[in-house]
Amino acid sequence: MTLIFDATPENIEKAATRLRSGELVALPTETVYGLGADATNDHAVASIFAAKGRPTFNPVIVHFRDKSEAEKAVEFNDKAELLASLFWPGPLTLILPRRDDANISLLCSAGLPTLAVRCPAHPVAQQLIKALGSPIAAPSANKSGSLSPTTPQHVLQSLGENVGMILAGGKVAVGLESTVVDMTGDVPTLLRPGAVTLEDLRHHLGEVRVELEAGGAHPKSPGQILKHYAPKTRLRLKAVDVKPGEALLAFGSIKFMGVQGGGAAKDLPANARLNLSEREDLNEAAANLFSMLHQLDAGGFAAIAVMDIPELGLGMAINDRLRRAAGAQ
Ligand code: TXA
Ligand code: MG
C-alpha cells in the first residue's frame with residue numbers, strides 16, 4: 001500500500017526509520033520530489049534503480065545536510081567552495097572527485113570516479129537528512145524517462161507501489177531539477193541548466209563551458225543520453241497558433257493567438273489552454289512547467305502546442321526540458 005504522509009515531525013522520524021532499514025522514501029526538495037535511499041547502504045541504493053526502471057550506468061545525486069558533510073565524500077576545489085558558499089543550500093549540484101574513503105555506496109557513482117553532491121534547501125529534506133544521520137541518495141521520484149514530479153500525487157501516479165512512503169511538502173518552489181555543474185576540470189562545465197543560471201555561474205566563475213547534449217560515446221552526464229522528461233502527448237514547440245485538437249501551453253498573452261481554421265486561442269476550453277506565466281515571469285513558468293505538462297498530457301489531446309520561451313536565465317532550463325521532451329517522442 002502506498003501512502004502520502006504529511007511531513008509532521010513524527011512522520012519524518014518514521015521516514016528516517018524506513019530509510020535506516022533500507023527502504024525507499026519519496027521526499028520533497030525545492031526543485032522536484034526525490035526518491036530517497038540511505039546513500040551509505042548499497043542494497044537501498046540498488047532498489048532505487050529497480051523502482052525507477054533506471055539504467056544502472058546512470059549515477060545518482062547524493063544530498064547532504066551541509067558542505068562539511070559533503071566534504072567527507074568528495075574533494076572540493078576553490079571554485080566548488082565558492083559555488084557552495086553562494087548557492088547552498090539550494091538547487092545546485094556539483095560533480096566532484098570522489099574521496100577514496102567516502103562511505104557512500106559506489107552505486108551512486110555508477111562506475112565514475114566522481115560523485116554528484118548537493119545540499120537541498122527544502123526544510124523537510126533537511127529534517128529528514130538530520131533525522132537519518134546519513135546523506136540521502138535521490139534521483140527524481142518518477143519512472144525513468146518520464147516527467148519529474150512536482151507534487152506528491154505525481155510521485156504516486158508514476159511510482160505507485162514501488163514506494164512505501166511519500167512525505168508531502170506541498171508543491172515544490174522551483175519545479176525544475178537542480179543545475180548540474182561538472183567541477184572536475186580546469187573550466188567548470190554546465191551539464192544541466194536549472195535555477196542557478198548560466199549567467200549566475202559566469203558572473204561568479206568567469207569562463208563556464210556548456211555541454212548539454214550528449215557528446216560522443218562518453219557523455220559527461222550519463223543522464224544526458226537518456227530520453228527524458230517526456231509526456232506521452234506530442235509537443236509542438238515555438239507554436240504561433242493552435243491546430244484543431246491541440247491543447248495550448250502558453251507563455252505570456254494569448255490575446256492575438258489564433259486557432260487554425262478559425263477561432264481564437266483565448267476561447268479554447270479552460271482545460272485545453274494553460275499559461276505557464278501570463279506576466280512572462282520565468283520563475284513562475286519553471287514552477288508550473290511539469291505540473292502543466294502532466295495536466296495537459298492527461299487530457300487526451302492530439303498534441304500540445306507550446307509557445308516560444310526566451311533563452312534567458314531560467315528560460316534556458318525550461319527550453320532544455322522542452323527540447324528533450326519533444327526530442328524523446
Ligand atoms: O533537483 C534535482 O537534482 C533532483 C532532486 C531530487 O534533488 N534530482 C534529480 O536527480 O534530478 P536525477 O537522478 O533525476 O538527475 C541527476 C542527473 C542525471 O542526469 C545524472 O546522469 C547526473 O545528474 N549525474 C549524477 N551523478 C553524476 C556524476 N557523477 N557525473 C555526471 N553526471 C551525474
Ligand atoms: Mg530524473
Side-chain angles (χ1 to χ4, degrees), residues 24-37 39 45 48-49 51-64 73-74 88-98 102 104-122 124-126 128-129 135-150 154-155 158-159 167 169 172-185 189-196 211-215 218-230 286 290 317 320-321 324-325 328:
L24 303 180
V25 171
L27 67 148
T29 82
E30 71 278 24
T31 56
V32 298
Y33 275 74
L35 181 61
V45 176
I48 288 180
F49 291 89
K52 279 180 64 86
R54 181 181 179 108
T56 47
F57 59 78
N58 196 4
V60 176
I61 299 172
V62 181
H63 299 68
F64 296 83
V74 290
W88 279 1
L92 175 69
T93 296
L94 302 174
I95 310 289
L96 288 166
R98 206 188 145 95
I104 304 293
S105 168
L106 283 165
L107 286 170
C108 295
S109 296
L112 298 171
T114 56
L115 198 63
V117 297
R118 114 168 165 92
C119 293
H122 197 292
V124 175
Q126 278 284 342
L128 187 57
I129 296 168
I136 295 179
S140 51
N142 52 280
K143 281 276 182 191
S144 190
S146 60
L147 288 173
S148 285
T150 55
H154 292 159
V155 179
S158 189
L159 293 177
L167 273 181
V172 298
V174 177
L176 291 180
E177 304 86 346
S178 61
T179 304
V180 179
V181 194
D182 181 350
M183 302 301 294
T184 60
T189 304
L190 176 66
L191 302 180
R192 181 172 75 181
V196 173
E211 264 180 50
L212 304 189
E213 300 306 326
H218 298 287
K220 282 214 169 135
S221 195
Q224 290 176 320
I225 58 170
L226 300 172
K227 296 189 169 187
H228 242 188
Y229 319 115
F290 289 137
D320 171 70
R321 304 311 190 272
R324 278 168 203 279

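By convention here, the first residue in the shown sequence is residue 1. Remember, it's 1-based here, ligands and their atoms both numbered in the order they're listed.
Residues Pro120 and Leu27 are not in side-chain contact: their nearest non-hydrogen atoms beyond the backbone lie 4.5 Å or more apart. Arg192 is listed as a side-chain neighbour of Ser178, based on a closest heavy-atom distance under 4.5 Å. For the pair Lys52/Ser158, no side-chain contact is recorded, criterion being any heavy-atom separation below 4.5 Å from C-beta on. Between Val180 and Ile95, some side-chain heavy-atom pair lies under the 4.5 Å cut-off.
Counting the atoms of ligand 1 from 1 in the order shown, those under 4.0 Å from a heavy atom of Ala116 are 25 (C), 26 (N), 27 (C), 29 (N). Listed by atom number, the atoms of ligand 1 under 4.0 Å from Ile95 heavy atoms are 27 (C), 28 (C), 30 (N), 31 (C), 32 (N), 33 (C). Contact atoms of ligand 1 toward Arg118: 1 (O), 5 (C), 7 (O) (distance under 4.0 Å to a heavy atom of the residue). Close approach of ligand 1 to Val32 is summarised as follows: ligand atoms under 4.0 Å from at least one heavy atom of the residue are 4 (C). Contact atoms of ligand 1 toward Leu112: 28 (C), 29 (N), 30 (N) (distance under 4.0 Å to a heavy atom of the residue). Per-residue contacts place Ile61 under 4.0 angstrom from the following atoms of ligand 1 (heavy atoms of the residue considered): 3 (O), 8 (N), 9 (C), 10 (O), 16 (C). Taking a cut-off of under 4.0 Å to the non-hydrogen atoms of Ser140, the atoms of ligand 1 that pass are 8 (N), 9 (C), 10 (O), 12 (P), 14 (O).
Residue Ala138 places a heavy atom less than 4.0 Å from ligand 1.
Sequence neighbours left out, the pairs with a member in residues 26-35 that pass salt bridge (charged side-chain N to carboxylate O under 4.0 Å, His left out) are Glu30-Arg118.
Distance alone, capped at 3.5 Å, is enough to place a donor-acceptor pair between the Ser109 side chain and the Thr114 backbone. Under a 3.5 Å cut-off, the side chain of Thr179 and the backbone N or O of Val196 do form a donor-acceptor pair. Checked by atom type and distance alone, the side chain of Arg98 pairs as donor or acceptor with a backbone atom of Ile104 at under 3.5 Å.
For ligand 1, the polar-atom distance check against Thr31 finds a nitrogen or oxygen pair separated by under 3.5 Å. Annotation: Thr114 places an N or O atom under 3.5 Å from an N or O atom of ligand 1; distance criterion only. The distance criterion of under 3.5 Å between nitrogen or oxygen atoms is not met by Glu177 with respect to ligand 1. Below 3.5 Å of separation, one finds no N or O of Tyr33 facing any N or O of ligand 1. In terms of polar-atom proximity, defined here as any N/O pair under 3.5 Å, Asn58 does make such a contact with ligand 1.
From Tyr33, atom OH reaches atom CG of Leu159 across 13.5 Å, with rounding to the nearest 0.5 Å.
Evaluated by nearest non-hydrogen atom to atom 13 (O) of ligand 1, the leading choice among Lys52, Arg54, Arg192, His122 is Arg54.
Under 2.8 Å from the Mg ion (ligand 2) lies an N/O/S atom of Ser140, whether from backbone or side chain.
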Would Asn142 and Leu147 satisfy side-chain contact (heavy atoms from CB on, under 4.5 Å), going step by step from the backbone distance to the final call? CA-CA 7 Å; Asn142 52 280; Leu147 288 173; over 6 Å; no
